[in-house]
There are 2 protein chains.
Amino acid sequence: MNEFKKTPTIQDVARVAEVSSATVSRALTSPERVSEATRERITAAVLETGYTVNQMARSLRLRAAKTILIAIPNIGNPFYSTILDAVVQDAAERGYGVLVANRLGGDPTLGLKDYFYSNRADGLLLFDATLDLESLQDLPLVRGNRPLVLSCDDIPDAPLDLVMTDNRDAADTATRHLIELGHKKIGTVRSRTTPNVVSERHAGFERALMRADLPIRQDWIWQGDHAIAGGIAAAESWLALNERPTAMFCGNDETAIGFISRLRQSGVDCPRDVSVVGFDDIAVAEHLLPALTTMRQPRYDMGKVATALLLDILDGPATERTPARRILKSELIIRASTAPPRDCN
Amino acid sequence: MNEFKKTPTIQDVARVAEVSSATVSRALTSPERVSEATRERITAAVLETGYTVNQMARSLRLRAAKTILIAIPNIGNPFYSTILDAVVQDAAERGYGVLVANRLGGDPTLGLKDYFYSNRADGLLLFDATLDLESLQDLPLVRGNRPLVLSCDDIPDAPLDLVMTDNRDAADTATRHLIELGHKKIGTVRSRTTPNVVSERHAGFERALMRADLPIRQDWIWQGDHAIAGGIAAAESWLALNERPTAMFCGNDETAIGFISRLRQSGVDCPRDVSVVGFDDIAVAEHLLPALTTMRQPRYDMGKVATALLLDILDGPATERTPARRILKSELIIRASTAPPRDCN
DNA sequence: TGTGGCGATGCAATCGATTACATGCGGCCG
DNA sequence: CGGCCGCATGTAATCGATTGCATCGCCACA
């Protein structure tokens with residue numbers, strides 16, 4: 001059926017349409033520059049040969065891969081996969097492909113990937129600030145002056161384009177919600193995977209407590225891992241306590257899920273015995289029992305905004321720019337996992 | 001610091017090391033072919049210039065992009081994001097990048113993507129059988145004789161490499177579990193997103209019922225959407241029924257979550273009033289209340305096996321092969337959402 | 001009728017890495 | 001001492017698309 005053994009090239013089309021390859025190229029990229037008659041012959045020839053452009057050749061020539069690289073700490077986490085979803089969707093609409101790098105930060109083969117990824121992507125979307133500024137600048141993408149947009153997390157003092165949520169205010173809001181319910185003993189499960197989000201959130205947590213003149217007790221602060229396991233571990237330590245907090249602010253929803261689930265196993269009920277507020281509002285949050293009170297993060301929007309920012313830089317003129325900072329607002333979603341403390345009722 | 005304005009090329013390295021670009025290329029790809037002295041000079045020059053290979057140029061020359069394309073119906077779904085995780089991990093280890101295409105099937109801009117993706121990926125990992133065989137063969141990847149591995153779903157009569165789970169047996173097992181608990185009135189929420197998985201699962205469901213001489217009632221079969229919303233809709237319809245099934249087999253965990261959650265709102269308890277078994281065993285399944293009985297799908301393995309299969313084809317000799325079929329086993333995880341029916345107690 | 005201008009098209013260089021083939025050099029053996 | 005072999009390296013073609021410049025008609029206007 002196909003008269004060419006190999007993938008047809010622009011030369012093949014040119015031969016069939018009886019024009020030069022230059023004309024074919026022009027017909028495809030700026031149709032108004034060729035006469036109507038030739039354009040039709042070329043269109044027919046494209047169909048006949050089944051030609052599709054060879055992106056490798058085009059990229060080489062144009063010095064643009066039409067591809068962005070997205071680095072995510074943990075694809076399996078619904079929080080990140082939603083972002084990825086948004087990014088892939090929007091990038092595709094603007095003609096860009098998305099290469100995925102998982103756990104770029106912690107991977108010992110980073111050097112290999114350097115080599116591997118270089119010159120393959122036009123820009124980088126980084127949802128992971130476990131890299132410090134120095135190693136970031138060592139990445140060939142950045143060294144090659146490729147634009148980079150950082151999201152979900154901040155790197156202090158880095159002059160980078162940034163898309164974030166208002167982590168500090170959000171944590172403050174969540175904590176205030178617990179305070180307003182009457183809680184005086186409030187603990188938290190922090191995380192360690194994304195350092196600055198964590199300190200921002202923790203700062204918001206402490207700010208709310210301080211403003212309410214409530215104590216910040218170190219033995220009521222646990223380290224989580226942004227996963228269910230961390231919540232479970234924190235719960236076990238919580239159970240061993242003599243004096244327990246009556247409310248907990250968890251660094252994300254998975255942590256809250258693990259925490260509540262482990263407590264339930266030991267007969268401790270949420271929200272009767274302890275109130276829990278999560279962070280993110282992942283899809284299942286409202287279908288849990290108790291439905292989870294949480295700070296909804298505009299994560300789909302975060303993906304969209306970050307993508308738009310990066311692609312605007314890529315498609316725009318190569319002028320000197322001052323880094324942009326976009327802060328998106330989170331929203332408190334009150335459900336059933338928070339209630340007034342028992343002894344205050 | 002960097003003496004080259006633009007990204008350094010192999011020519012720049014050659015100039016610094018005072019050799020030809022051919023020698024640099026050889027030093028990098030087959031070091032044993034250059035003398036030790038030159039090799040050292042070249043290594044030094046690579047460091048000095050900060051050279052990294054331009055993959056576009058290499059791919060053009062070698063006709064291999066060192067990239068695979070993965071098509072997934074819904075990235076946001078934890079089921080798929082786990083698979084993606086496995087794929088990215090394993091592909092990176094073997095020096096391949098992963099391009100993500102979301103909802104390749106339903107997207108009206110498929111034609112655009114054709115154009116766009118062609119010649120960019122060496123092979124395709126397809127986790128979505130909403131495409132029929134015909135449109136599949138129209139994809140340039142396939143037409144260009146690029147290997148393709150189909151996973152999660154089957155396309156009947158297609159001579160394709162395949163990685164699947166034992167959907168029919170798994171559905172049979174799940175249904176038998178309900179039967180063994182004493183249930184006689186059993187319904188199901190099917191899905192429509194992945195046609196053949198659905199019919200396989202449904203076939204397993206019906207097989208189990210028939211073998212137990214139980215009725216297959218059409219009004220006890222709902223259409224879901226592999227998402228929470230579908231479970232909710234089915235639950236609402238279930239509530240309106242005069243004679244209700246006492247047990248439900250749900251097409252996936254999200255469906256089960258929505259179903260149970262909606263029923264609870266109306267005071268119907270799982271497992272007291274109705275038993276529910278899910279499918280997949282997503283991460284939260286064991287932390288739900290009730291903890292979800294479900295068929296665990298080896299989805300991480302599915303990603304790994306599919307990747308290994310595709311990459312073996314790509315890296316192996318270009319011989320004629322007969323398509324491989326790998327079937328992975330699912331496992332029944334009994335938790336708290338299933339129990340004997342009330343009236344049988 | 002001559003010429004300037006413009007639209008359509010072709011020619012050929014270019015992007016950067018790879019590799020078949022050519023070359024040159026040194027050593028070994030007869 | 002001459003010729004041959006083999007290793008190390010260089011030369012140049014190649015992959016496929018894009019694009020600056022050249023060319024060729026053709027029309028209009030003086």
Side-chain angles (χ1 to χ4, degrees), chain A residues 4-42 45-46 49-67 95 115-120 122 140 144, chain B residues 4-43 45-46 49-66 95 115-120 122 140 144:
Chain A
F4 303 99
K5 296 149 199 172
K6 313 185 305 174
T7 320
T9 74
I10 201 171
Q11 313 291 342
D12 298 321
V13 177
R15 204 171 309 123
V16 171
E18 296 177 300
V19 290
S20 76
S21 65
T23 306
V24 176
S25 176
R26 281 187 282 254
L28 293 176
T29 55
S30 38
E32 75 283 359
R33 296 195 47 198
V34 304
S35 72
E36 175 140 2
T38 358
R39 202 185 317 145
E40 277 169 12
R41 279 218 314 288
I42 291 175
V46 166
T49 54
Y51 169 78
T52 53
V53 75
N54 181 325
Q55 268 293 342
M56 294 306 144
R58 170 181 273 183
S59 298
L60 176 60
R61 180 67 228 250
L62 297 183
R63 302 157 155 286
K66 284 285 179 179
T67 299
Y115 190 86
F116 172 56
Y117 280 128
S118 57
N119 298 294
R120 301 186 62 170
D122 302 325
Chain B
F4 303 100
K5 294 151 202 171
K6 311 185 306 171
T7 320
T9 74
I10 201 171
Q11 313 291 343
D12 298 321
V13 177
R15 205 171 308 123
V16 171
E18 295 177 300
V19 290
S20 76
S21 65
T23 306
V24 177
S25 176
R26 280 187 282 255
L28 293 176
T29 55
S30 38
E32 75 283 359
R33 296 196 46 198
V34 305
S35 72
E36 175 141 2
T38 351
R39 202 186 315 146
E40 278 168 11
R41 280 216 317 287
I42 291 175
T43 311
V46 166
T49 54
Y51 169 76
T52 52
V53 75
N54 182 323
Q55 269 292 343
M56 294 306 144
R58 170 180 274 184
S59 298
L60 176 60
R61 181 65 230 251
L62 297 182
R63 303 155 157 286
K66 285 282 177 181
Y115 190 87
F116 171 55
Y117 280 128
S118 57
N119 297 294
R120 299 185 64 169
D122 303 325

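First the proteins, then the strands, lettered A, B, ... as listed; each starts at 1.
Looking at A:Asp12 and A:Tyr51, their side chains never come closer than 4.5 Å, going by heavy atoms from C-beta outward. The shortest side-chain heavy-atom distance between A:Thr7 and B:Asn119 falls under the 4.5 Å cut-off. Looking at heavy atoms from C-beta onward, B:Thr29 lies in side-chain contact with B:Arg58 at the 4.5 angstrom threshold.
Atom CD1 of residue B:Ile42 and atom OG of residue B:Ser25 lie 9.5 Å apart, to the nearest 0.5 angstrom.
Distance alone, capped at 3.5 Å, is enough to place a donor-acceptor pair between the A:Thr9 side chain and the A:Gln11 backbone. B:Arg26 places no side-chain N or O within donor-acceptor distance of the main-chain N or O of B:Arg33, the cut-off being under 3.5 Å. Formation of a donor-acceptor pair under 3.5 Å by the A:Asp122 side chain with backbone atoms of A:Ala64 is not found in this model. Of the possible donor and acceptor atoms, none in the side chain of A:Thr23 sits under 3.5 Å from a partner among the backbone N and O of A:Val19. No donor-acceptor distance shorter than 3.5 angstrom exists from the side chain of B:Thr38 to the backbone of B:Val34, with no hydrogens or angles considered.
Remark: P of C:dG10 and CD of A:Gln11 are 12 Å apart, rounded to the nearest angstrom. The distance from atom CG of A:Leu28 to atom P of D:dA17 is 9 Å, rounded to the nearest whole Å. Separating the CZ atom of B:Arg15 from the C1' atom of C:dG16 is a distance of 13 Å, rounded to the nearest angstrom. The nearest whole Å value for the distance from the CZ atom in A:Arg58 to the P atom in D:dT18 is 4 Å.
A sub-4.0 Å separation between OP1 or OP2 of C:dA17 and a side-chain N or O of B:Tyr51 is present.
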Under 3.5 Å, which protein N or O atoms sit close to an N or O of nucleotides 13-15 of chain D? Give each pair with its distance.
unit_1	atom_1	unit_2	atom_2	d
D:dT14	O2	B:Arg61	NH1	3.0
D:dC15	O3'	B:Arg63	NH2	3.0

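Remark: A:Glu36 CD is loosely packed, at most 12 non-hydrogen atoms of other residues, nucleotides or ligands lying under 6.0 Å away.
Five base pairs at each end of the helix from C:dT1-D:dA30 to C:dG30-D:dC1 define two local axes, and these are offset by 60° (rounded to 10°).
Heavy atoms only, all atoms of each residue included: A:Ala45 and A:Ala17 are closest at CB-CB, 3.8 Å.
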Item checked: Base-contact (B) and sugar-phosphate-only (S) positions in nucleotides 4-10 of chain D, heavy-atom cut-off under 4.0 Å, - elsewhere -> ----SBB

